[in-house]
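Structure, as structure tokens:
Along the sequence shown, residues are numbered consecutively beginning with 1.
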Amino acid sequence: MSATLFSEIEYLKGVGRARGEKYRKLGITSPYKLIYHIPRTYLDFRCHVPIQQAPLGEYSVLKLTVTHKLPPQRVRGGLVISKATATDGIDDILIVVYNNIYGFQAIKEGAEYYMYGKVTGNFLRREISSPVYISAEEKVLIQPVYPLTQGLSVNMVRTNMRQALSLMKAEPFETLPAEILQKYDLCPLMQALENIHFPESESASESARRRLAFDELLHLQLGMSMMKANRRSASAFKMNPDIGIGEFLRGLPFEMTEAQKHAADEIISDLCRETPMNRLLQGDVGSGKTAVAAAACFFTVRNGAQAALMAPTEILASQHHRTLTQFLEPFGINVCLLTGSLTAKKKALLREKIASGEEDVIVGTHAIIQKDVKYKSLALVITDEQHRFGVAQRAALAEKGDSPHKLVMSATPIPRTLALIIYGDLDISAINQLPKGRKPVKTYAVTGKLRERVFSFVRERLNEGRQAYVVCPMIEESESDLLAVKSYADKAEKSVLKGCSIALLHGRMNAAEKERTMKKFHSGEVQVLICTTVVEVGVDVPNAAVMVIENAERFGLSQLHQLRGRVGRGQFESSCILITDNTSDECVRRMKIMSSTSDGFRISEEDLKLRGPGDFFGNAQHGLPPLKIADIACNMELMSMAQDCARELLRDDPELEKPEHRALKIDTLRLFDKEIIG
């Protein structure tokens, strides 16, 4: 069978079953998907140097003629070393290739190559290790370097890529109408795909990258807009605005801030519409989002319906349950907690109560979206720390009701530019005020030399009756020098925290262990909690007044801000101490930002600039389709163009049904993995 762009990758010339399996590990199942396997960087073979001018210990490009190939040597452990001598016409060099017999066999005696690799040795004898090479007859001297998996070499992928591109030329296609290409000054797709892999020049590469980034951003915007349109076409449980939340506000033991009241008003207004609400409630650490969520739950129950809140961890779910119970039980509203650690008997009893409508507000982890959980009249769905749930999990909760209203809460302040993209199908409410009486946390950055002074300060606070967190980035010792939680706790107990009550908390503990530990810390039985970032979100211990973060350079600014937010939640003056021995300019700048401001939104803007959107949430899953080319932080102008283009296209063709928009629709569905259907 001859290959086509959309046939199985194994049918592509030179691939076959074994190599096809390697490609599938990278998610490449067809020649079309191979074409969209974008280079991570390029090697410029135009800039070659003579052997004598290549700096020792550094990577260089050399133009060499292979003079003699030596037989491969097998050494202990099964390692195969292949060697060849080469010359640049003046000096000689030894080529050394490790464990790549096939790659070495492709090098021919007497042939001339451009070779890129690390040059080592001395003045008299030099060698180049495992070089990447191309024939000196190659016309395209800017060559791609791809993300690989074991068993695939750069040269293999380049060869197969040329085959796939030749198929593309035989089946030419274009996904954007000519008027859009002209209006936004975009190169044709075929030209872009050729030049993203084998660019004729830097400008050709930039033009290709711009076109493909525009495509991604346009698909993203189209998908978000279509999700929003689908939502608006559904009908929701319409609530009665006359019921109001005045009774709830009067019953609170504090007065809401103006920002909280404004957010609550926006939510209540949405709940009274016929189309389902889809709103993001953003608020800095401790800004009072849960009180606003409680107001929404109160209003929903007073309207004769149920509300559900899903949190990413049992610790956070338990805390939400306690808080919502305090807010809502005085009004006769039943709040229950459903988590995976409950006994089968308790789960069965709770499921009955939920199905009968006896439970008004259901709080839990993903246990509340299991198939056997039925609701009587679910009208409001709240997800907390939304970026920790995948698209499918959020959709599963929404499907429990009949087009329920959706409220998403996040204590990770996100720059508005990024929020509009990640949450493009949501309306946004932001609580940008802290409740009265909340004191800012004093933040200091120090080196490890001052660790003893830091813990003298910690002991002083403990002697005053306060509690402390110590955060380490890893659980167990490894080859790295990062401080591990277990060994750190052992050492601290024998030295700087001798005589103090210490407990460990980390992600490898089961839910019941975590819960027991947090209860002990919450009650004051434990003075110091030595932990990983499992305490990052939501844990609320008002008596905790000191946060020490070891290896602070390992965390993003937003994550450091989240950790800092665990203290300063009571009436006591609180401190956050960042310990790092990293003195790089970037680290110093980040520590200065943390020490100078407690504004989470400003910190998030700085974090986005420093790390880019791809790393903004670390490894957390935030539901945003993965972008291979576009960098949202750097492509805001292109994003704006893509938004304009999406609006124009959907105004004219809301479902992208026209023949000229068919390819666009397919690509949009592909980016969202078909999540936008329905």
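- Put simply, NZ on K83 and CG on L70 are 8.0 Å apart, with the number rounded to the nearest 0.5 Å.
- When the side chain to side chain contact (heavy atoms under 4.5 Å, CB included) test is applied to S207, the partners found at least two apart in sequence or on another chain are C187.
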From CA spacing to verdict: side-chain hydrogen bond (donor to acceptor under 3.5 Å, both in side chains), R158, N155: CA-CA 5 Å; R158 283 196 196 124; N155 284 341; 3.0 Å; yes

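- The number of heavy atoms from other shown groups lying within 6.0 Å of NZ (K25) does not exceed 12.
- Considering T29, L26, I28 as possible partners of I9, the one that fulfils the side-chain contact (heavy atoms from CB on, under 4.5 Å) test is I28.
- The shortest heavy-atom contact between T175 and A663 is CG2-CB, 3.8 Å.
- Side-chain contact between E127 and V119: absent, with no pair of heavy atoms (C-beta onward) separated by less than 4.5 Å.
- Here L43 contributes atom CG and C47 contributes atom SG; the two are 11.0 Å apart, rounded to the nearest 0.5 Å.
- With rounding to the nearest 0.5 angstrom, the OG atom of S166 is 9.0 Å from the NZ atom of K13.
- Taking a cutoff of 4.0 Å between a charged side-chain nitrogen and a carboxylate oxygen, E202 and R46 qualify as a salt bridge.
- Within 6.0 Å of atom CZ in R162, more than 12 heavy atoms from other residues, nucleotides or ligands are found, so the atom counts as buried in its surroundings.
- The number of heavy atoms from other shown groups lying within 6.0 Å of CG (N122) is above 12.
- Both tests hold for K69 against F104: distance to the six-membered ring centre under 6.0 Å, angle to the ring axis within 45°.
- Every residue meeting the side chain to side chain contact (heavy atoms under 4.5 Å, CB included) condition with A86, not counting sequence neighbours, appears here in chain and number order: L64, I93, I95.
- Two rings, from Y146 and H197, have their centers less than 6.0 Å apart.
- Two residues are said to be in side-chain contact when any heavy atoms from C-beta on lie closer than 4.5 Å; V75 and I81 meet this criterion.
- Annotation for Q221 and A646: closest pair CB-CB, 3.8 Å, computed over non-hydrogen atoms.
- Here the CD-CG distance, from E21 to L152, works out to 11.5 Å after rounding to the nearest 0.5 Å.
- Looking at H661, its side chain never comes within 3.5 Å of a backbone N or O of L650 through a donor-acceptor pair.
- Here the CE-CG distance, from M161 to L12, works out to 9.5 Å after rounding to the nearest 0.5 Å.
- Taking the six-membered ring for Trp, Y116 and Y59 have ring centres closer than 6.0 Å.
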Residues 189-196 side chain polar contacts: donor-acceptor under 3.5 Å, at least two apart:
{"unit_1": "E194", "atom_1": "OE2", "unit_2": "K169", "atom_2": "NZ", "d": "2.9"}
{"unit_1": "N195", "atom_1": "OD1", "unit_2": "E200", "atom_2": "N", "d": "3.2"}
{"unit_1": "N195", "atom_1": "ND2", "unit_2": "Q191", "atom_2": "O", "d": "3.2"}

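- In this structure the side chain of E648 never reaches within 4.5 angstrom of the side chain of I180, judged on heavy atoms.
- A donor-acceptor pair shorter than 3.5 Å cannot be found between the side chains of T87 and T67.
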Full working for side-chain contact (heavy atoms from CB on, under 4.5 Å) between F198 and I142: CA-CA 7 Å; F198 301 104; I142 302 174; over 6 Å; no

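- You'll find the side chain of V80 stays beyond 4.5 Å of the side chain of Q73, heavy atoms only.
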Test log, rule side-chain hydrogen bond (donor to acceptor under 3.5 Å, both in side chains), inputs E553 and T580: CA-CA 6 Å; E553 77 282 354; T580 176; 2.6 Å; yes

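- Within a 6.0 Å sphere centred on NZ of K33, heavy atoms belonging to other residues, nucleotides or ligands number 12 at most.
- Put simply, the side chain of R126 does not reach to within 4.5 Å of the side chain of L94, judged on heavy atoms.
- We find that E10 and R19 are not joined by a salt bridge, their nearest charged nitrogen and carboxylate oxygen being 4.0 Å or further apart.
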Verdict with reasoning, Y184 to F214, per ring-ring contact (aromatic ring centres under 6.0 Å, His included): CA-CA 9 Å; Y184 296 102; F214 182 89; 5.4 Å; yes

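- Residues V66 and Y113 meet the side-chain proximity criterion, which asks for heavy atoms closer than 4.5 Å.
- With respect to the salt-bridge test (charged N to carboxylate O, under 4.0 angstrom), the residues K665 and E657 qualify.
- Contact annotation: the side chain of L638 approaches that of R210 to within less than 4.5 Å [non-hydrogen atoms, C-beta and beyond].
- N160 and Y23 share a donor-acceptor pair across their side chains, judged by distance under 3.5 Å alone.
- A salt bridge links E8 with R24: the closest approach of a Lys/Arg side-chain nitrogen to an acidic carboxylate oxygen falls below 4.0 angstrom.
- Counted within 6.0 Å of CD on E179, heavy atoms from surrounding residues, nucleotides or ligands total more than 12; the atom is thus considered enclosed.
- Ionic pairing of R211 and D215 is present here: one or more N-O contacts between side-chain nitrogen and carboxylate oxygen are shorter than 4.0 angstrom.
- The distance from the CZ atom of F45 to the CD atom of Q143 is 6.0 Å, given to the nearest 0.5 Å.
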